[in-house]
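Working notes, beginning with the structure itself.
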Amino acid sequence: MAAQSARTLLIFSALATVLAVAVFLFLPPIQQPPDYHLFADHQPWFGLPNAANILSNVPFLWIAWLGWRETCNPILAAPEVWQLRVFFAGLAITGFGSAYYHWAPDMVGLAWDRAGMSLCFMALMSWLISRCIQPRIGERLLPPLLIIGLFSVGYWLFSELEGRGDLRLYLLVQFLPVLLLPVLLHRNPRVAAIAAYLWSLLGCYLLAKFFEMLDKPVADLLGVVGGHPIKHLLAAMGAYLVVLAVRRELENRAV
């Protein structure tokens with residue numbers, strides 16, 4: 001019965017992936033908005049330019065360290081250790097890359113930011129497939145997923161430098177885990193103990209995207225900080241939920 005359930009989940013996940021890829025392939029090239037680098041919050045603090053957008057990346061580094069410590073637990077199997085370590089390493093790269101980008105926003109700095117995020121998205125998807133469907137499938141998918149994630153950023157940057165920017169592949173890398181998460185979690189007993197954390201992670205991601213899109217209106221409303229620093233904090237909260245999920249898993253396995 002469990003094998004049949006895993007097979008059904010794999011089929012639905014594969015169909016959702018094929019559908020998402022088909023949709024993005026048929027879309028025309030998506031260019032980076034020319035005003036993307038013009039963030040609402042650019043006030044310096046003590047000589048630090050764009051301070052709120054830079055300092056709001058600090059939680060990524062702290063959470064990456066917390067998560068890395070959890071991966072040192074001998075209860076975790078080797079494949080799972082690597083999936084989670086890539087996720088938390090990507091989180092640290094995101095923290096440094098985003099801070100570097102916001103110091104003086106440009107396309108190259110943004111590529112460093114997105115490279116870290118692509119590692120997070122792909123490693124998380126590999127781990128979720130392992131936990132929700134079958135460990136061996138997620139393990140085997142990790143290397144190609146990471147290659148696709150990094151390639152999506154490289155392709156986007158190359159297309160921008162060539163004057164024909166195309167975000168489609170990178171957006172697919174970011175969107176696909178969000179699409180698959182509800183499919184993988186729905187009534188799945190394999191992840192019942194951590195499902196609440198993962199659903200909350202999805203909520204944090206959607207809220208983060210909401211505040212990212214409303215950067216200037218939030219700044220006009222609050223008058224203190226824009227939507228983009230809040231986006232960083234919500235994304236960091238989502239990453240912390242992954243740490244909590246891993247801790248719960250370790251506690252359950254130790255019993």
Side-chain angles (χ1 to χ4, degrees), residues 9 13 55-73 75-77 79-98 113-114 116-133 135 138 142 145-146 149 173-213 227-255:
L9 197 53
S13 300
L55 294 177
S56 55
N57 287 289
V58 172
F60 289 125
L61 305 178
W62 175 64
I63 294 165
W65 177 71
L66 289 179
W68 190 277
R69 286 200 314 171
E70 297 296 330
T71 66
C72 297
N73 194 312
I75 295 176
L76 288 173
E80 194 171 14
V81 168
W82 282 109
Q83 289 164 332
L84 291 170
R85 283 187 175 178
V86 172
F87 174 81
F88 292 119
L91 193 65
I93 294 170
T94 299
F96 284 115
S98 182
D113 183 2
R114 287 177 171 171
M117 288 192 288
S118 73
L119 293 176
C120 289
F121 287 126
M122 296 293 91
L124 183 64
M125 189 158 72
S126 170
W127 181 66
L128 286 171
I129 291 170
S130 288
R131 295 294 302 113
C132 297
I133 300 178
L142 180 61
L145 285 175
L146 295 179
V173 164
Q174 187 173 152
F175 171 76
L176 190 56
V178 177
L179 174 67
L180 289 181
L181 188 59
V183 176
L184 294 171
L185 292 182
H186 181 63
R187 295 183 179 178
N188 192 334
R190 294 179 181 83
V191 288
I194 60 172
Y197 295 116
L198 298 177
W199 282 114
S200 300
L201 164 63
L202 180 60
C204 284
Y205 173 83
L206 296 176
L207 274 175
K209 298 304 290 183
F210 175 79
F211 277 94
E212 180 182 29
M213 291 186 294
H228 203 84
I230 297 174
K231 172 236 180 177
H232 287 165
L233 297 178
L234 285 167
M237 187 182 301
Y240 185 62
L241 288 166
V242 176
V243 176
L244 295 180
V246 174
R247 284 179 182 172
R248 174 60 64 84
E249 285 271 274
L250 292 173
E251 289 170 0
N252 291 344
R253 295 179 197 182
V255 174

side-chain contact (heavy atoms from CB on, under 4.5 Å) between Leu201 and Leu124, worked out: CA-CA 11 Å; Leu201 164 63; Leu124 183 64; 3.8 Å; yes
Residues Val246, Asn73; criterion side-chain contact (heavy atoms from CB on, under 4.5 Å); working and verdict: CA-CA 10 Å; Val246 174; Asn73 194 312; over 6 Å; no
Arg114 vs Gln174, side-chain contact (heavy atoms from CB on, under 4.5 Å): CA-CA, chis, key distance, verdict: CA-CA 10 Å; Arg114 287 177 171 171; Gln174 187 173 152; over 6 Å; no
Test side-chain contact (heavy atoms from CB on, under 4.5 Å) applied to Phe88 and Val243, step by step: CA-CA 9 Å; Phe88 292 119; Val243 176; 3.6 Å; yes
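In plain terms, the two heavy atoms of Trp199 and Pro182 that are nearest each other are CH2-CA, 3.6 Å. Looking at every heavy atom in both residues, Ser126 comes nearest to Leu142 through OG-CB, 3.5 Å. In terms of heavy-atom proximity, Ser13 sits nearest to Val183 at OG-CG1, 3.9 Å. The two residues Gly138 and Ser130 make their nearest non-hydrogen contact at CA-OG, 3.2 Å. Nearest approach of Leu119 to Gly90, heavy atoms of both residues: CB-CA, 4.0 Å. The nearest pair of heavy atoms linking Met122 to Gly149 is CG-CA, 3.9 Å.
Once rounded to the nearest 0.5 Å, the distance linking CH2 of Trp65 with CH2 of Trp62 reads 9.0 Å. Atom CE of Met117 is separated from atom CD1 of Ile93 by 12.0 Å, given to the nearest 0.5 angstrom. The line from CG of Leu128 to CD1 of Ile133 is 9.5 Å long, rounded to the nearest 0.5 Å. The structure places CZ of Phe210 at 15.0 Å from OH of Tyr205, a figure rounded to the nearest 0.5 Å. Note that the CD1 atom of Ile75 and the CD atom of Glu251 stand 10.0 Å from one another [nearest 0.5 Å]. Between atom CG of residue Leu180 and atom CE of residue Met125 there is a gap of 6.0 Å, rounded to the nearest 0.5 Å.
Panel note: side chain Ser56, backbone Leu233; no donor-acceptor pair is recorded below 3.5 Å. At distances below 3.5 Å, at least one donor-acceptor pair connects side-chain atoms of Ser200 with backbone N or O atoms of Ala196.
Among Ile63, Leu61, Val242, the single residue meeting the side-chain contact (heavy atoms from CB on, under 4.5 Å) criterion with Leu91 is Ile63.
Around CZ of Arg187, the count of heavy atoms belonging to other residues, nucleotides or ligands within 6.0 Å does not exceed 12. Crowding of Trp82 atom CH2: a count of heavy atoms from other residues, nucleotides or ligands under 6.0 Å not exceeding 12.
Inter-residue side-chain proximity for Pro229 and Phe211 is flagged as unmet; no heavy-atom pair is nearer than 4.5 Å. Side-chain atoms of Thr94 and Cys120, non-hydrogen and from C-beta on, do get closer than 4.5 Å to each other. Side chains of Leu241 and Cys204 form a contact here, defined as non-hydrogen atoms less than 4.5 Å apart. Here the side chains of Tyr240 and Leu66 are in contact, with some heavy-atom distance below 4.5 Å. Leu84 places none of its side-chain heavy atoms less than 4.5 Å from the side chain of Glu70. Residues His186 and Leu9 form no side-chain contact, since every pair of their non-hydrogen atoms from C-beta on lies 4.5 Å or further apart. For the pair Leu198/Leu202, no side-chain contact is recorded, criterion being any heavy-atom separation below 4.5 Å from C-beta on. Put simply, the side chain of Arg85 reaches to within 4.5 Å of the side chain of Cys72, judged on heavy atoms.
Counting only residues at least two apart or on different chains, the salt bridge (charged side-chain N to carboxylate O under 4.0 Å, His left out) pairs with a member in residues 200-212 are Lys209-Glu212, Glu212-Lys231.
Between the side chains of Tyr197 and Glu249, not a single donor N or O lies within less than 3.5 Å of an accepting N or O.
Listed by chain and residue number, Asn57, His102, Asp113, His232 satisfy the side chain to side chain contact (heavy atoms under 4.5 Å, CB included) test with Ser98 (two or more places apart in sequence, or in another chain).
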